[in-house]
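Naming convention: chains lettered A, B, ... in sequence-line order (proteins, then strands); numbering from 1 in each chain.
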Amino acid sequence: MKFNAPKGTQDLLPDVTAAWQRVERKFADICRLYGYEEIRVPTFEHTEIFQRGVGDTTDIVQKEMYTFEDLGGRSMTLRPEGTAGVVRSFVENGMASKAFPVKLYYLITAFRYENVQKGRYREFHQLGVEAFGSEGPLIDAEIVAMLAHFFRERGLKQLDLQVNSIGCPSCRAEHKKALIDFLSPHKDELCADCRERLERNPLRVLDCKEESCRKVTEDAPVMLDYLDEGCKAHFEGFTEALDNLGVAYHINPRIVRGLDYYTRTVFEFVSENVGTQGTICGGGRYNGLVQELGGPEVPGIGFAMGEERLMIELEAQGVLPDERPVPRLFVASMDEASLKKAQQLVQRLRYRGIPAEYELCGRSMRAQMKQADRSGAEYLMVIGQNEREAGKANIRSLRERDKAEECFAFDDMEGLAERLRA
RNA sequence: GUGGGAUUAGCUCAGUUGGUUAGAGCGCCAGAUUGUGGCUCUGGAGGCCGUGGGUUCGACUCCCAUAUCUCACCCCA
C-alpha cells in the first residue's frame, strides 16, 4: 500500500523549514515592534461562526469549507481563514473593554476545499493581524506600513501595493445600482460568467480578465465616485497617511474582496511571481463584523498573508533564507572506548551551547571523516588509544587545511568550548 | 465542476518504428597501506516502468479506464 499526503496538503521538509522559521520569527518581531501581541485560537469553530463572519453568499462558505459533524452532533468547520475566529474570541473574552486599539497577530493554518494550483493549497499557512477599536484611517495606514516594513526587512524589493475603498453598505448599494444600470444594456457583450455575475455580484464584473468585458467596463461607474462623505474622508485620510509615511501605493478602483465583511479600506500586495493568484497579502477594514458575531459596535481592520505565496516570492527574488544546523566540532573515534569518550565530550560541549556531533551510525574511520566533512563542521577531533592515554586530543580545521592543529586536554572543556565559540 | 501537461531507482531524467537480463547522473553504503575528509577509481544496495483492463507470440512503449501530481479557468491568502 502506498500512501501519499492528501491533495492540496504538503510536507514541509527540513530543507525548507529553517527558512519558514526565519520568516515567522521576523513576522513576529515586526508585529511586536508595532505593538501587536500573539493570539492563538482554535483550528475549528462552530460552523455558524464562518457563515456569519465570512458571509453566507461567499464561495468560501458555499463550496469550500471542511465541515463535519462531531460526535456530539454539532456542526464544526476547519477555519477557512483567520479573522472570524479571532473576532469571536475578541467578543467572547470581553476584549472590547480593554484599552483600544487591541492589536493581535497570529500564525495559523487554514483550510479550503479548492482545486490546487500554484500558490493555492487546501491546507495553507497565513500570517495575519487584527486591530480593534480604531475608527480613523491612521491605523489602516499603520498596518500597511508595517507590511511594507516587513517585506523590506525580509529582503524583498518593493511589491505592488494596491489600495481602494469599497465604502460602507449604504454607499455600496448606490454604486451597485449604478453599475447594474450601466452594465445591463451591454449584457450581450459580456462573457458568460459575467452575465451571471451581473445578477449575483456585479462588482466582480469589474475584476474580469476577459478582453471583451474589460472593454465594456472601461467607463463603468467606479466605487470611489460613490463614496459618501464619511467614507470619502476616510479614504483621503488613509492615502494622505500613506504619503506621509512614504509608503508607495497605487489606487486600483477595481480591487474587490471575496469576503463579505470588508468595509471602506481594502488593499493587496501583489506580485507576478506567485502564479496567476497574484495576491501575496490582502486585507481591509471590517466595521460591522464584531457586531455580526454578537459583540458591541467596535470597528476592526486586518490582513492575512499567504505564507506559501510569500515563500514563492522570496524564492523568486532570490532572498530565501537558508540556515541548516551546522556543528562546530565533529568528534571521530577509532574504537569502542574512544566512542564513549567522544559521547561524553560532545555532550559536555552541548551543555555549554556548542553544537557538536559524533559518529552515531557505526561508520568506519574513513567514513567518519567523510561524514565530518559533509556535516559542514568547522573543526574535527579524532580520538583513539593514543589520545585516551594522553588525556588530550587535537582539533583541526576542516575548512583551512594548512591551519595548525591545537591540542586540548579532556578535562579542559571550558577551554575547548571557549576556542570553539570563537 | 471544466480543460492542458505529467507519472520509469531516494532525487533529476533517458529508454530508439512494441523484442527477451530496464539505464545514466546525483545521493546513499562499502573498498582502493587495519590512525585521517573534500578530488579520482572500483564495487554494492535500491524499480511488479502509478494502478486495473485490453490489443499482441511478446507491452515501459499502442488503446481504454482510473488514481495521483502539476498548470490554468473560477475563486482567494
Side-chain angles (χ1 to χ4, degrees), chain A residues 1-10 13 15 54-55 57-64 79-83 108-128 147 191-194 196-197 200-201 204 207-210 255-259 262 267-271 274-284 302-313 330-335 338 359 361-377 379-388 393-394 396-401 405:
Chain A
M1 194 50 137
K2 191 177 178 183
F3 294 107
N4 42 297
K7 191 188 194 71
T9 67
Q10 53 183 340
L13 302 177
D15 55 342
V54 176
T57 63
T58 59
D59 277 9
I60 291 177
V61 170
Q62 286 199 335
K63 46 187 198 195
E64 297 178 359
R79 61 179 166 220
E81 54 97 56
T83 303
I108 62 170
T109 52
F111 308 84
R112 293 183 198 172
Y113 190 83
E114 295 186 277
N115 279 325
V116 177
Q117 58 185 287
K118 189 173 186 182
R120 212 181 74 181
Y121 310 95
R122 290 184 175 178
E123 179 185 29
F124 57 103
H125 297 72
Q126 288 191 332
L127 311 175
L147 277 163
C191 69
D193 285 338
C194 282
E196 204 182 311
R197 288 188 184 112
R200 278 206 342 264
N201 189 353
R204 286 251 160 255
D207 217 20
C208 187
K209 285 145 198 149
E210 284 292 330
I255 295 186
V256 177
R257 312 256 64 223
L259 289 74
Y262 287 110
F267 60 87
E268 290 183 2
F269 282 87
V270 301
S271 164
V274 295
T276 49
Q277 311 313 321
T279 304
I280 291 174
C281 173
F303 67 78
M305 179 154 41
E307 197 170 1
E308 285 82 0
R309 293 183 185 180
L310 176 63
M311 301 311 286
I312 290 170
E313 182 66 18
F330 190 97
V331 183
S333 42
M334 305 292 308
D335 51 44
S338 302
E359 178 54 34
C361 296
R363 288 185 177 85
S364 68
M365 189 61 214
R366 180 189 188 80
Q368 287 185 59
M369 296 300 298
K370 284 193 174 186
Q371 180 59 24
D373 189 55
R374 190 168 30 200
S375 75
Y379 293 97
L380 170 74
M381 173 181 279
V382 176
I383 301 180
Q385 195 181 351
N386 297 346
E387 285 78 8
R388 286 205 317 280
N394 289 341
R396 170 165 100 229
S397 172
L398 284 166
R399 303 277 179 78
E400 303 166 60
R401 300 198 75 162
E405 298 194 2

Chemist: With a cut-off of less than 4.0 Å, is there a side-chain N or O of A:Lys118 near OP1 or OP2 of B:U70?
Modeler: no

Chemist: Please identify each residue that fulfils side chain to side chain contact (heavy atoms under 4.5 Å, CB included) with A:Asp373, with sequence neighbours left out.
Modeler: none

Chemist: Partners of A:Glu313 by side chain to side chain donor-acceptor pair (under 3.5 Å), sequence neighbours excluded?
Modeler: A:Ser271, A:Asn273, A:Gln317

Chemist: On RNA chain B, check which nucleotide each of A:Val116 and A:Glu81 is closest to and give me the residue with the more 5' one.
Modeler: A:Val116

Chemist: Measuring only the C1' atom in each nucleotide, how far is B:U16 from B:C62? A whole number of Å is fine.
Modeler: 16 Å

Chemist: Would you measure the distance from the C1' atom in B:U8 across to the matching atom in B:C49 and give it in whole Å?
Modeler: 4 Å

Chemist: Do you know the tightest heavy-atom contact between A:Ala393 and A:Val382?
Modeler: CB-O, 4.0 Å

Chemist: Applying salt bridge (Lys or Arg N to Asp or Glu O under 4.0 Å), can you list everything that pairs with A:Arg363, at least two apart in sequence or on another chain?
Modeler: A:Glu359

Chemist: Identify whether any heavy atom of A:Ala372 sits under 4.0 Å from a base atom; if not, whether one sits that close to sugar-phosphate; answer base, sugar-phosphate or nothing.
Modeler: nothing

Chemist: Measure from CD1 on A:Ile60 to P on B:C74 and round the result to the nearest Å.
Modeler: 16 Å

Chemist: P atom, B:A9 versus B:G15: distance in rounded Å?
Modeler: 15 Å

Chemist: When rounded to the nearest Å, what value does the distance between C1' atoms of B:C39 and B:A32 take?
Modeler: 14 Å

Chemist: According to side chain to side chain donor-acceptor pair (under 3.5 Å), who are the partners of A:Arg366, at least two apart in sequence or on a separate chain?
Modeler: none

Chemist: Please report the distance, rounded to the nearest Å, between CG in A:Asn115 and C1' in B:C71.
Modeler: 12 Å

Chemist: Once you apply a heavy-atom cut-off of 4.0 Å, does A:Phe330 come out as touching a base, just sugar-phosphate, or nothing?
Modeler: nothing

Chemist: Can you name the residues that form a salt bridge (Lys or Arg N to Asp or Glu O under 4.0 Å) with A:Asp335, not counting sequence neighbours?
Modeler: A:Arg388

Chemist: Could you give the distance from CD (A:Gln368) to CE (A:Met365), rounded to the nearest 0.5 Å?
Modeler: 5.5 Å

Chemist: Answer with base, sugar-phosphate or nothing: what part of the nucleic acid does A:Ile280 contact at a heavy-atom distance below 4.0 Å?
Modeler: sugar-phosphate

Chemist: Looking across every strand, which nucleic acid part, if any, lies under 4.0 Å from A:Lys7 by heavy atom: base, sugar-phosphate, or nothing?
Modeler: sugar-phosphate

Chemist: Determine, step by step, whether A:Glu123 and A:Thr9 satisfy the side-chain hydrogen bond (donor to acceptor under 3.5 Å, both in side chains) criterion, reporting the C-alpha distance in whole Å, the side-chain angles of both residues, the deciding distance to 0.1 Å, and the verdict.
Modeler: CA-CA 5 Å; A:Glu123 179 185 29; A:Thr9 67; 5.5 Å; no

Chemist: By salt bridge (Lys or Arg N to Asp or Glu O under 4.0 Å), which residues pair with A:Glu308, not counting sequence neighbours?
Modeler: none

Chemist: RNA chain B: stems of at least 3 consecutive Watson-Crick or G-U pairs, cut-off 3.5 Å?
Modeler: B:1-7 with B:67-73, B:10-13 with B:23-26, B:28-32 with B:40-44, B:50-54 with B:62-66

Chemist: Which value, in whole Å, describes the distance between the P atoms of nucleotides B:C29 and B:A22?
Modeler: 27 Å

Chemist: Take atom CZ of A:Phe124 and atom C1' of B:C75, then tell me their distance rounded to the nearest Å.
Modeler: 12 Å

Chemist: Once you round it to whole Å, what is the distance between P of B:A77 and CG of A:Asp59?
Modeler: 11 Å

Chemist: Tell me: CZ of A:Phe111 to P of B:A77, nearest whole Å?
Modeler: 16 Å

Chemist: Between B:U20 and B:U61, how far apart are the C1' atoms? Round to whole Å, please.
Modeler: 15 Å

Chemist: Is there, by distance only and without an angle test, a donor paired with an acceptor across the side chain of A:Arg120 and the base of B:C75 below 3.5 Å?
Modeler: yes

Chemist: Check each of A:Glu64, A:Lys63, A:Gln62 against A:Ile60 using the side-chain contact (heavy atoms from CB on, under 4.5 Å) test, and report the only one that passes.
Modeler: A:Glu64

Chemist: Rounded to whole angstrom, note down the C1' distance from B:C74 over to B:U2.
Modeler: 10 Å

Chemist: Within this structure, what is the CD-to-C1' distance between A:Gln62 and B:C74, rounded to whole angstrom?
Modeler: 14 Å

Chemist: Take A:Tyr262 and A:Thr9, find for each the nucleotide of RNA chain B with the closest heavy atom, and name the residue whose nucleotide sits nearer the 5' end.
Modeler: A:Thr9

Chemist: Output one letter per nucleotide in nucleotides 30-37 of chain B: B when a protein non-hydrogen atom lies under 4.0 Å from the base, S when only the sugar-phosphate is that close, - when neither is.
Modeler: SSB--BBB

Chemist: To the nearest Å, how far apart are A:Arg122 CZ and B:C74 C1'?
Modeler: 14 Å

Chemist: Could you tell me the separation between the NZ atom of A:Lys63 and the C1' atom of B:C73, rounded to a whole number of Å?
Modeler: 12 Å

Chemist: Side-chain N or O of A:Gln117 less than 4.0 angstrom from OP1 or OP2 on B:A72?
Modeler: yes

Chemist: Would you measure the distance from the C1' atom in B:U33 across to the matching atom in B:U12 and give it in whole Å?
Modeler: 38 Å

Chemist: Going by the rule salt bridge (Lys or Arg N to Asp or Glu O under 4.0 Å), which residues pair with A:Lys7 if we only count those two or more places apart in sequence or in a different chain?
Modeler: none

